[in-house]
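Shown next, in structure tokens, is the structure this report addresses.
Residue numbers begin at 1 in each chain, while the letters A, B, ... track the order of the sequences.
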2 protein chains.
Amino acid sequence: MSYSIGQVAAKLAISPYTLRYYDKEGLLPFVDRNEAGRRRFKDNDFNFLEVIVCLKEAGVPVKQIGSFIDLCMTGDTTLQARYDFLADHEQKLMAKMARLQHTLDFLRWKKWYYKTALRAGTESIHYLPGTNQVDPAVHATFEQLVADGASPVELGKIE
Amino acid sequence: MSYSIGQVAAKLAISPYTLRYYDKEGLLPFVDRNEAGRRRFKDNDFNFLEVIVCLKEAGVPVKQIGSFIDLCMTGDTTLQARYDFLADHEQKLMAKMARLQHTLDFLRWKKWYYKTALRAGTESIHYLPGTNQVDPAVHATFEQLVADGASPVELGKIE
DNA sequence: GGTTGACTTAGAGCTGACTCTAGATTCTAT
DNA sequence: ATAGAATCTAGAGTCAGCTCTAAGTCAACC
């Protein structure tokens with residue numbers, strides 16, 4: 001079974017332009033061509049494409065993905081290097097997810113901030129008396145509610 | 001207490017160039033200037049800067065962050081819009097984290113793939129007999145191990 | 001009083017990742 | 001057999017998000 005660039009693009013939900021660009025950047029050295037020079041993707045190529053899509057999603061730059069594919073094409077001597085590459089990006093991705101969790105926590109505290117302001121009809125309930133500056137104690141209040149067992153998600157919900 | 005652009009840049013670990021760029025894009029309308037026209041950041045400005053950094057980390061484009069700051073400057077009539085904005089990006093961030101979790105799962109399965117190949121000294125243990133194509137059953141084998149209670153993280157570890 | 005260093009602006013330059021155009025070729029369906 | 005759709009390449013264009021340069025201002029120190 002073989003597939004045209006259009007079929008592969010549809011399956012992966014990316015444009016044929018992008019696939020040609022990836023090819024130009026050396027990400028698709030495994031793709032065959034027919035007599036007319038058109039790309040013919042094999043079933044096994046989807047194993048590579050899956051990896052490419054995964055690394056993209058993980059935020060790995062195209063050039064580095066190219067290096068990984070190079071390793072794949074070189075053979076069994078690069079097995080350790082390929083493992084190390086994946087382990088490295090696993091660590092980076094875990095670090096990123098931890099940062100995103102903090103970001104999410106922050107968004108939830110700010111939602112609570114606006115929810116309470118909305119209930120009061122004005123943001124000024126959070127200001128230091130007589131100023132336009134946010135009282136630093138407001139964040140502490142939120143943190144205390146969470147420490148007392150409230151869910152940040154629930155605290156931010158309206159209704 | 002007030003801070004120069006350089007001090008703020010150092011505190012946030014971003015370059016003064018970037019801060020000026022954000023200002024140009026309308027993200028810092030709240031920053032005062034001294035008589036000489038130099039930016040003077042106030043303590044309260046860090047509340048805005050925190051939000052900007054958070055939204056950046058969440059992947060919100062600079063222009064959209066500018067719209068949010070506009071809402072903030074407009075006053076209490078925009079409280080609901082600000083809440084909705086944050087709630088929207090909370091949802092988007094949760095969706096992104098779910099995708100990243102799948103990406104992480106994939107990286108772990110591939111680590112296991114290379115770990116087992118390394119143990120055998122050759123990737124060909126994963127190929128269909130007599131071919132250079134990966135046996136689709138290999139992934140199923142990994143999934144079975146996970147279904148039987150193995151941890152994907154442990155399965156990918158070497159030693 | 002002169003040098004150094006941090007700051008100012010406008011605007012140019014850079015990078016990554018596409019995205020598209022032009023012009024030619026090939027495949028598919030009637 | 002021919003129209004229309006899909007593909008090919010080379011190379012140009014686009015966009016976001018910085019990043020830097022140039023030319024000038026200003027404050028601090030020796």
Describe, in one word, how the ring planes of B:Phe142 and B:Trp112 are oriented to each other, choosing from parallel (under 30°), tilted (30 to 60°) and perpendicular (over 60°). tilted
Let me know, please, whether B:Glu35 or B:Lys63 comes out on the 5' side of the other along DNA chain D by nearest nucleotide. B:Lys63
Listed nucleotide nearest any side-chain atom of A:Val62, set C:dA17, C:dT19, C:dT9: C:dA17
How would you label the contact of A:Ser4 with the nucleic acid (heavy atoms, under 4.0 Å): base, sugar-phosphate, or nothing? sugar-phosphate
Which part of the nucleic acid, if any, lies within contact of B:Arg20, taking any heavy atom under 4.0 Å across all strands shown: a base, the sugar-phosphate backbone alone, or nothing? base
Whichever of A:Lys56 and B:Pro16 has its nearest DNA chain C nucleotide further upstream toward 5': B:Pro16
Whole angstroms only, please: what is the NZ-P distance between B:Lys24 and D:dT19? 13 Å
Between A:His102 and A:Phe106, does the ring centroid distance fall short of 6.0 Å? no
What integer distance in Å separates A:Tyr21:OH from D:dT9:P? 16 Å
A:Glu25 has an atom CD; how far is it from atom P of D:dT9, in whole Å? 14 Å
Ring-face cation contact, A:Tyr21 with A:Lys24, 6.0 Å cut, 45° max: no
So, under a plain 3.5 Å distance rule, would you say the side chain of A:Arg38 forms a donor-acceptor pair with the base of C:dT25? yes
Using whole Å, what does the distance between atom P of nucleotide D:dA5 and atom CD of A:Gln7 come to? 17 Å
Atom CG of B:Asn34 to atom P of C:dA6: distance rounded to whole Å? 17 Å
Considering just the side-chain nitrogens and oxygens of A:Arg39, establish if one lies under 4.0 Å of OP1 or OP2 belonging to D:dC8. yes
What is the distance, rounded to the nearest whole Å, between atom CD1 of A:Ile65 and atom P of C:dG16? 13 Å
Take the protein atom CG of B:Leu19 and the nucleotide atom P of D:dT19, then report the distance between them rounded to whole Å. 12 Å
Between A:Arg40 (CZ) and D:dA6 (P), how many Å, whole number? 14 Å
Go through D:dT9, D:dC18, C:dC18 for me and flag the one nearest to the B:Thr18 side chain. D:dC18
Out of curiosity, B:Thr141 OG1 to B:Tyr113 OH, how far, rounded to the nearest 0.5 Å? 12.0 Å
When you look at B:Phe41 and B:Phe46, which way does the ring pair (Phe, Tyr, Trp, His ring centres under 6.0 Å) test go after all the steps? CA-CA 8 Å; B:Phe41 291 77; B:Phe46 285 93; 7.2 Å; no
Please confirm whether the shortest side-chain N or O distance from A:Tyr17 to OP1 or OP2 of C:dT21 is below 4.0 Å. no
